[in-house]
Amino acid sequence: MSARAGAELVAQRGNGAEFPENSMQGLQSALQLGVTTLYVDAQLSRDAEAFSLRDAELLRTTGRRGSILDIAAADAALLPCLEPARFGERYADARIPRISAIGELLQDWPDARLFVELRRASLARHGAERCVNVVLSALRNCVDRVAIVSRDLVVVELARQRGAAAVGWVLPDLAPSSQIKSEALRPDYLLFGAGITPGDSQLRHGTWRWMALDVDSGDEARRLSLAGAPLIGTAHVRALARELGLNLRPPPARAP
(Lines give C-alpha, C1' and ligand atoms only; values in the text may rest on other atoms or scores of the structure.)
Protein backbone atom coordinates (compact mmCIF):
# COMPACT_ATOMS: atom_id res chain seq x y z
CA MET A 1 0.00 0.00 0.00
CA SER A 2 1.51 3.29 -1.03
CA ALA A 3 1.47 6.29 1.28
CA ARG A 4 -0.34 8.27 -1.36
CA ALA A 5 -3.10 5.69 -1.60
CA GLY A 6 -3.16 4.73 2.08
CA ALA A 7 -2.69 7.93 4.09
CA GLU A 8 -5.85 9.54 5.43
CA LEU A 9 -5.48 12.94 7.06
CA VAL A 10 -7.08 13.61 10.43
CA ALA A 11 -7.39 17.28 11.37
CA GLN A 12 -5.84 17.11 14.83
CA ARG A 13 -7.32 19.97 16.82
CA GLY A 14 -8.63 21.32 13.52
CA ASN A 15 -6.54 23.19 10.99
CA GLY A 16 -4.21 24.11 13.81
CA ALA A 17 -1.40 25.43 11.62
CA GLU A 18 -3.57 28.32 10.46
CA PHE A 19 -6.00 28.80 13.36
CA PRO A 20 -5.90 28.38 17.15
CA GLU A 21 -6.08 24.67 17.98
CA ASN A 22 -9.47 23.26 18.94
CA SER A 23 -11.14 26.45 17.75
CA MET A 24 -14.40 26.39 15.82
CA GLN A 25 -12.72 28.36 13.04
CA GLY A 26 -9.98 25.75 12.72
CA LEU A 27 -12.46 22.88 12.68
CA GLN A 28 -14.60 24.56 10.04
CA SER A 29 -11.51 25.29 7.96
CA ALA A 30 -10.45 21.64 8.04
CA LEU A 31 -13.87 20.52 6.84
CA GLN A 32 -13.89 23.12 4.10
CA LEU A 33 -10.46 21.91 2.97
CA GLY A 34 -11.92 18.42 2.56
CA VAL A 35 -10.77 16.55 5.69
CA THR A 36 -13.59 14.30 6.85
CA THR A 37 -12.16 13.37 10.27
CA LEU A 38 -11.67 15.82 13.13
CA TYR A 39 -9.78 15.23 16.38
CA VAL A 40 -10.34 17.43 19.43
CA ASP A 41 -9.52 17.43 23.13
CA ALA A 42 -12.07 17.62 25.93
CA GLN A 43 -11.71 19.34 29.30
CA LEU A 44 -14.54 19.87 31.78
CA SER A 45 -15.45 23.07 33.56
CA ARG A 46 -15.96 23.28 37.32
CA ASP A 47 -19.63 22.36 36.89
CA ALA A 48 -18.80 19.55 34.44
CA GLU A 49 -19.58 20.89 31.00
CA ALA A 50 -17.24 19.71 28.23
CA PHE A 51 -15.17 22.18 26.23
CA SER A 52 -12.79 21.70 23.32
CA LEU A 53 -9.50 22.52 25.02
CA ARG A 54 -6.13 20.80 25.24
CA ASP A 55 -4.66 22.28 28.44
CA ALA A 56 -6.67 22.65 31.63
CA GLU A 57 -4.40 25.61 32.38
CA LEU A 58 -5.65 28.52 30.30
CA LEU A 59 -2.60 30.71 29.72
CA ARG A 60 -1.39 29.27 26.41
CA THR A 61 -4.83 29.24 24.81
CA THR A 62 -6.44 32.35 26.28
CA GLY A 63 -3.58 34.55 27.47
CA ARG A 64 -5.17 34.50 30.92
CA ARG A 65 -4.13 32.66 34.06
CA GLY A 66 -6.28 30.04 35.75
CA SER A 67 -7.73 26.62 35.05
CA ILE A 68 -10.94 25.66 33.31
CA LEU A 69 -11.42 23.14 36.11
CA ASP A 70 -12.06 26.06 38.47
CA ILE A 71 -14.39 28.05 36.20
CA ALA A 72 -18.13 27.64 35.69
CA ALA A 73 -19.30 26.77 32.19
CA ALA A 74 -21.06 30.11 31.66
CA ASP A 75 -17.76 31.91 32.24
CA ALA A 76 -15.66 29.35 30.35
CA ALA A 77 -17.79 29.92 27.26
CA LEU A 78 -16.66 33.57 27.25
CA LEU A 79 -12.95 32.76 27.30
CA PRO A 80 -11.00 33.67 24.15
CA CYS A 81 -9.49 30.94 22.01
CA LEU A 82 -6.69 32.94 20.41
CA GLU A 83 -3.28 31.42 21.29
CA PRO A 84 -1.62 34.84 21.64
CA ALA A 85 1.94 33.50 21.44
CA ARG A 86 1.27 32.33 17.89
CA PHE A 87 -1.43 34.67 16.61
CA GLY A 88 -1.37 37.78 18.76
CA GLU A 89 -4.86 39.33 18.78
CA ARG A 90 -5.85 38.03 15.32
CA TYR A 91 -8.49 35.69 16.76
CA ALA A 92 -9.51 37.76 19.77
CA ASP A 93 -13.19 37.27 18.91
CA ALA A 94 -12.95 33.46 18.95
CA ARG A 95 -14.21 31.61 22.01
CA ILE A 96 -13.39 28.17 23.43
CA PRO A 97 -16.13 25.99 21.93
CA ARG A 98 -18.35 23.69 23.86
CA ILE A 99 -18.13 20.07 22.78
CA SER A 100 -21.88 20.23 22.17
CA ALA A 101 -21.27 23.02 19.61
CA ILE A 102 -18.90 20.72 17.71
CA GLY A 103 -21.67 18.14 17.69
CA GLU A 104 -23.93 20.75 16.14
CA LEU A 105 -21.25 21.49 13.55
CA LEU A 106 -21.20 17.83 12.57
CA GLN A 107 -24.92 18.00 11.90
CA ASP A 108 -24.05 20.28 8.97
CA TRP A 109 -21.42 17.82 7.69
CA PRO A 110 -23.12 14.40 7.67
CA ASP A 111 -20.09 12.57 6.21
CA ALA A 112 -17.68 13.88 8.85
CA ARG A 113 -16.62 12.00 11.98
CA LEU A 114 -15.05 13.05 15.25
CA PHE A 115 -12.41 11.75 17.67
CA VAL A 116 -12.54 13.18 21.20
CA GLU A 117 -9.62 12.69 23.58
CA LEU A 118 -10.55 12.94 27.24
CA ARG A 119 -7.69 14.78 28.92
CA ARG A 120 -6.11 13.61 32.15
CA ALA A 121 -6.59 16.77 34.20
CA SER A 122 -10.36 16.58 33.87
CA LEU A 123 -10.37 12.84 34.49
CA ALA A 124 -8.44 13.42 37.71
CA ARG A 125 -10.83 16.16 38.86
CA HIS A 126 -14.19 14.74 37.80
CA GLY A 127 -13.58 11.03 37.48
CA ALA A 128 -13.70 8.81 34.43
CA GLU A 129 -17.40 7.94 34.56
CA ARG A 130 -18.55 11.54 34.80
CA CYS A 131 -16.25 12.68 31.99
CA VAL A 132 -17.35 9.90 29.66
CA ASN A 133 -21.03 10.47 30.37
CA VAL A 134 -20.79 14.25 29.92
CA VAL A 135 -19.00 14.02 26.57
CA LEU A 136 -21.30 11.33 25.18
CA SER A 137 -24.34 13.32 26.28
CA ALA A 138 -22.99 16.48 24.62
CA LEU A 139 -22.58 14.53 21.35
CA ARG A 140 -25.75 12.46 21.57
CA ASN A 141 -27.10 13.76 18.25
CA CYS A 142 -24.08 12.44 16.33
CA VAL A 143 -22.73 9.75 18.68
CA ASP A 144 -22.72 7.18 15.87
CA ARG A 145 -19.88 9.16 14.28
CA VAL A 146 -17.83 9.72 17.45
CA ALA A 147 -14.82 7.82 18.77
CA ILE A 148 -13.84 8.40 22.41
CA VAL A 149 -10.10 8.03 22.99
CA SER A 150 -7.92 8.24 26.07
CA ARG A 151 -4.49 7.44 27.44
CA ASP A 152 -6.25 5.63 30.29
CA LEU A 153 -7.29 2.02 29.64
CA VAL A 154 -10.10 2.24 32.19
CA VAL A 155 -11.62 5.20 30.37
CA VAL A 156 -11.49 3.38 27.04
CA GLU A 157 -13.36 0.37 28.41
CA LEU A 158 -15.85 2.59 30.24
CA ALA A 159 -16.59 4.56 27.07
CA ARG A 160 -17.33 1.30 25.28
CA GLN A 161 -19.70 0.23 28.07
CA ARG A 162 -21.48 3.58 27.98
CA GLY A 163 -22.31 3.22 24.29
CA ALA A 164 -19.54 5.01 22.40
CA ALA A 165 -19.68 3.98 18.74
CA ALA A 166 -15.90 3.53 18.72
CA VAL A 167 -13.05 3.73 21.23
CA GLY A 168 -9.32 4.25 20.97
CA TRP A 169 -6.30 3.93 23.25
CA VAL A 170 -3.43 6.42 23.05
CA LEU A 171 -0.44 4.18 23.76
CA PRO A 172 2.34 5.32 26.10
CA ASP A 173 4.87 3.58 23.85
CA LEU A 174 5.15 0.91 21.18
CA ALA A 175 6.82 -1.67 23.41
CA PRO A 176 5.58 -5.25 22.96
CA SER A 177 3.95 -5.11 26.40
CA SER A 178 1.76 -2.16 25.37
CA GLN A 179 0.76 -3.78 22.12
CA ILE A 180 -0.06 -7.03 23.93
CA LYS A 181 -2.45 -5.12 26.21
CA SER A 182 -4.22 -4.04 23.05
CA GLU A 183 -5.02 -7.66 22.29
CA ALA A 184 -7.06 -7.85 25.49
CA LEU A 185 -8.64 -4.41 25.11
CA ARG A 186 -9.47 -4.81 21.41
CA PRO A 187 -10.10 -1.11 20.75
CA ASP A 188 -11.28 0.20 17.40
CA TYR A 189 -8.20 2.44 17.18
CA LEU A 190 -4.67 2.50 18.53
CA LEU A 191 -2.94 5.87 18.57
CA PHE A 192 0.60 7.01 19.25
CA GLY A 193 2.09 10.46 19.45
CA ALA A 194 5.15 12.46 18.52
CA GLY A 195 8.43 10.93 19.61
CA ILE A 196 7.02 7.40 19.55
CA THR A 197 7.84 5.83 16.21
CA PRO A 198 7.78 2.28 14.90
CA GLY A 199 11.10 2.73 13.09
CA ASP A 200 11.26 0.52 10.03
CA SER A 201 9.17 -2.26 11.57
CA GLN A 202 5.51 -2.93 10.92
CA LEU A 203 2.95 -2.14 13.57
CA ARG A 204 1.13 -5.07 15.14
CA HIS A 205 -1.99 -6.10 13.22
CA GLY A 206 -5.30 -6.53 15.01
CA THR A 207 -8.94 -5.57 14.94
CA TRP A 208 -7.97 -1.90 15.28
CA ARG A 209 -6.76 0.81 12.94
CA TRP A 210 -3.59 2.75 13.74
CA MET A 211 -3.42 6.54 13.98
CA ALA A 212 -0.20 8.54 14.26
CA LEU A 213 -0.57 11.90 16.02
CA ASP A 214 1.34 15.18 15.69
CA VAL A 215 2.70 14.46 12.21
CA ASP A 216 4.15 17.56 10.59
CA SER A 217 5.85 16.44 7.36
CA GLY A 218 4.96 14.49 4.26
CA ASP A 219 8.00 12.25 4.59
CA GLU A 220 7.00 11.24 8.10
CA ALA A 221 3.41 10.65 7.00
CA ARG A 222 4.57 8.36 4.17
CA ARG A 223 6.84 6.36 6.47
CA LEU A 224 4.15 5.91 9.10
CA SER A 225 1.56 4.93 6.53
CA LEU A 226 3.89 2.28 5.13
CA ALA A 227 4.52 1.03 8.69
CA GLY A 228 0.80 0.38 9.10
CA ALA A 229 -0.66 3.68 10.40
CA PRO A 230 -2.92 4.96 7.62
CA LEU A 231 -4.57 7.61 9.80
CA ILE A 232 -2.32 10.66 10.02
CA GLY A 233 -3.20 13.19 12.69
CA THR A 234 -1.83 16.62 11.85
CA ALA A 235 -2.34 20.32 12.41
CA HIS A 236 -0.75 20.97 9.00
CA VAL A 237 -3.74 19.93 6.94
CA ARG A 238 -3.17 22.05 3.86
CA ALA A 239 0.59 21.48 3.67
CA LEU A 240 0.44 17.70 4.14
CA ALA A 241 -2.34 17.29 1.61
CA ARG A 242 -0.14 19.10 -0.89
CA GLU A 243 3.01 17.13 0.01
CA LEU A 244 1.20 13.79 -0.20
CA GLY A 245 -0.58 14.68 -3.41
CA LEU A 246 -3.98 14.10 -1.83
CA ASN A 247 -6.91 15.51 -3.74
CA LEU A 248 -9.06 16.64 -0.84
CA ARG A 249 -12.64 17.46 -1.62
CA PRO A 250 -15.00 18.96 0.93
CA PRO A 251 -17.66 16.49 2.05
CA PRO A 252 -21.18 17.60 1.19
CA ALA A 253 -22.57 19.99 3.74
CA ARG A 254 -26.21 19.79 4.71
CA ALA A 255 -28.32 22.38 2.94
CA PRO A 256 -29.49 25.16 5.27
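Everything numeric here is computed off the predicted structure, so don't read it as measured data.
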Check whether any side-chain heavy atom of Thr234 lies under 4.5 Å from a side-chain heavy atom of Asp214, and answer yes or no. no
Quick one: closest heavy-atom pair of Arg160 and Pro187, and the distance? NH2-CA, 3.6 Å
Do the charged groups of Arg98 and Glu104 touch, with an N to O distance under 4.0 Å? no
Over all atoms of both residues, closest heavy-atom pair of Asp152 and Val154: OD1-N, 2.8 Å
Over all heavy atoms of both residues, which pair between Arg86 and Pro20 is shortest? Give the atoms and the distance, please. NH2-CA, 4.1 Å
Is there a side-chain contact (heavy atoms from CB on, under 4.5 Å) between Trp169 and Leu191? Walk through the geometry before answering. CA-CA 6 Å; Trp169 181 32; Leu191 307 89; 5.7 Å; no
Going by an N to O cut-off under 4.0 Å, is there a salt bridge joining Glu157 and Arg162? no
Is there a path of hydrophobic side-chain contacts, each under 4.5 Å between heavy atoms, that joins Leu118 and Val134? no
Take Arg95 and Cys81, measure what side-chain contact (heavy atoms from CB on, under 4.5 Å) needs, and give me the verdict at the end. CA-CA 5 Å; Arg95 296 292 177 264; Cys81 184; 5.7 Å; no
To the nearest 0.5 angstrom, please state how far the OG1 atom of Thr37 sits from the CZ atom of Phe115. 6.5 Å
Does the side chain of Asp55 reach to within under 4.5 Å of the side chain of Ile68, using non-hydrogen atoms? no
Heavy-atom count around Arg186 CZ within 6.0 Å, excluding the residue itself: above 12? no
Establish whether Leu240 and Val10 are linked, either directly or via other cluster members, by ILVMFWY side-chain heavy-atom contacts under 4.5 Å. no
Arg120 bridged to Asp41 by N-O distance under 4.0 Å: no
Between Arg209 and Glu8, is there a side-chain heavy-atom distance shorter than 4.5 Å? yes
Sub-4.5 Å side-chain heavy-atom contact between Glu129 and Leu158: yes
Measuring only between side-chain heavy atoms, which start at C-beta, is Gln12 closer than 4.5 Å to Glu21? no
My understanding is that only one of Leu224, Leu213, Asp173, Val170 makes a side-chain contact (heavy atoms from CB on, under 4.5 Å) with Phe192; could you say which? Leu224
Might you point out which heavy atoms bring Ala30 and Gly14 nearest each other, and give the distance in Å? CB-C, 4.4 Å
I need the Ile96 CD1 to Ile99 CD1 distance, nearest 0.5 Å. 11.0 Å
If you round to the nearest 0.5 Å, how far is CD1 of Ile102 from CZ of Phe51? 11.0 Å
Applying a strict under-4.5 Å side-chain criterion to I, L, V, M, F, W and Y, I'd like to know whether Val167 and Val149 cluster together. no
Shared ILVMFWY cluster between Leu226 and Met211, side chains joined below 4.5 angstrom? no
Evaluation steps, salt bridge (charged side-chain N to carboxylate O under 4.0 Å, His left out), between Arg113 and Asp144: CA-CA 9 Å; Arg113 57 180 176 160; Asp144 59 321; over 6 Å; no
Take Phe19 and Phe87 through the test ring pair (Phe, Tyr, Trp, His ring centres under 6.0 Å) and record every step on the way to the result. CA-CA 8 Å; Phe19 296 88; Phe87 298 107; 7.7 Å; no
Is the shortest heavy-atom distance from the side chain of Glu83 to the side chain of Tyr91 under 4.5 Å? no
To the nearest 0.5 Å, what is the distance between CG on Asp188 and OG1 on Thr207? 7.5 Å
Would you indicate whether the side-chain heavy atoms of Leu171 and Leu174 approach each other to under 4.5 Å? yes
Under a 4.0 Å threshold between the charged nitrogen and the carboxylate oxygen, would Arg90 count as salt-bridged to Glu18? no
Under 3.5 Å donor-acceptor, Gln43 side chain and Arg54 backbone: yes
If I compare all heavy atoms of Ala73 with all of Glu49, which pair ends up nearest, and what's the gap? CB-OE1, 3.2 Å
Let's go through Leu79 and Ile71 carefully: what are the C-alpha distance in whole Å and the side-chain angles of both, what is the deciding distance for side-chain contact (heavy atoms from CB on, under 4.5 Å) to 0.1 Å, and is it a yes or a no? CA-CA 10 Å; Leu79 290 169; Ile71 298 175; 4.1 Å; yes
Could you check if a side-chain atom of Ser67 sits within less than 4.5 angstrom of a side-chain atom of Leu58, using non-hydrogen atoms only? no
Show your reasoning for whether salt bridge (charged side-chain N to carboxylate O under 4.0 Å, His left out) applies to Arg222 and Glu220. CA-CA 5 Å; Arg222 291 186 189 93; Glu220 184 181 13; over 6 Å; no
Which heavy atom in Leu136 sits nearest to a heavy atom in Ala159, and how many Å separate them? CD1-O, 4.4 Å
May I ask you to decide if Asn22's main-chain N or O and Ser52's side chain share a donor-acceptor pair within less than 3.5 Å? yes
Test Ser150 against Leu123 for side-chain contact (heavy atoms from CB on, under 4.5 Å), laying out the working first. CA-CA 10 Å; Ser150 176; Leu123 291 168; 4.0 Å; yes
Rounded distance (nearest 0.5 Å) linking atom OH of Tyr39 with atom CG of Leu9: 15.5 Å
Output for pair (Leu31 CG, Leu106 CG), nearest 0.5 Å, gives 7.0 Å
For Arg119 and Ser122, does a side-chain donor sit closer than 3.5 Å to a side-chain acceptor? no
Is a side-chain N or O of Glu243 found less than 3.5 angstrom from the main chain of Ala221, in a donor-acceptor match? no
Tell me whether Glu183 is salt-bridged to Arg204, with the criterion being a basic N under 4.0 Å from an acidic carboxylate O. yes
Could you walk me through whether Glu57 and Arg65 satisfy the salt bridge (charged side-chain N to carboxylate O under 4.0 Å, His left out) test, starting with their C-alpha distance in whole Å, then the side-chain angles of each, then the deciding distance to 0.1 Å, before giving a yes or no? CA-CA 7 Å; Glu57 295 300 319; Arg65 297 191 179 279; over 6 Å; no
Less than 3.5 Å apart, any donor N or O on the side chain of Ser45 or Asp47 sitting next to an acceptor on the other? yes
Following the transitive rule for hydrophobic clusters with a side-chain heavy-atom cut-off under 4.5 Å over Ile, Leu, Val, Met, Phe, Trp and Tyr, establish whether Tyr189 and Leu139 coincide in one cluster. no
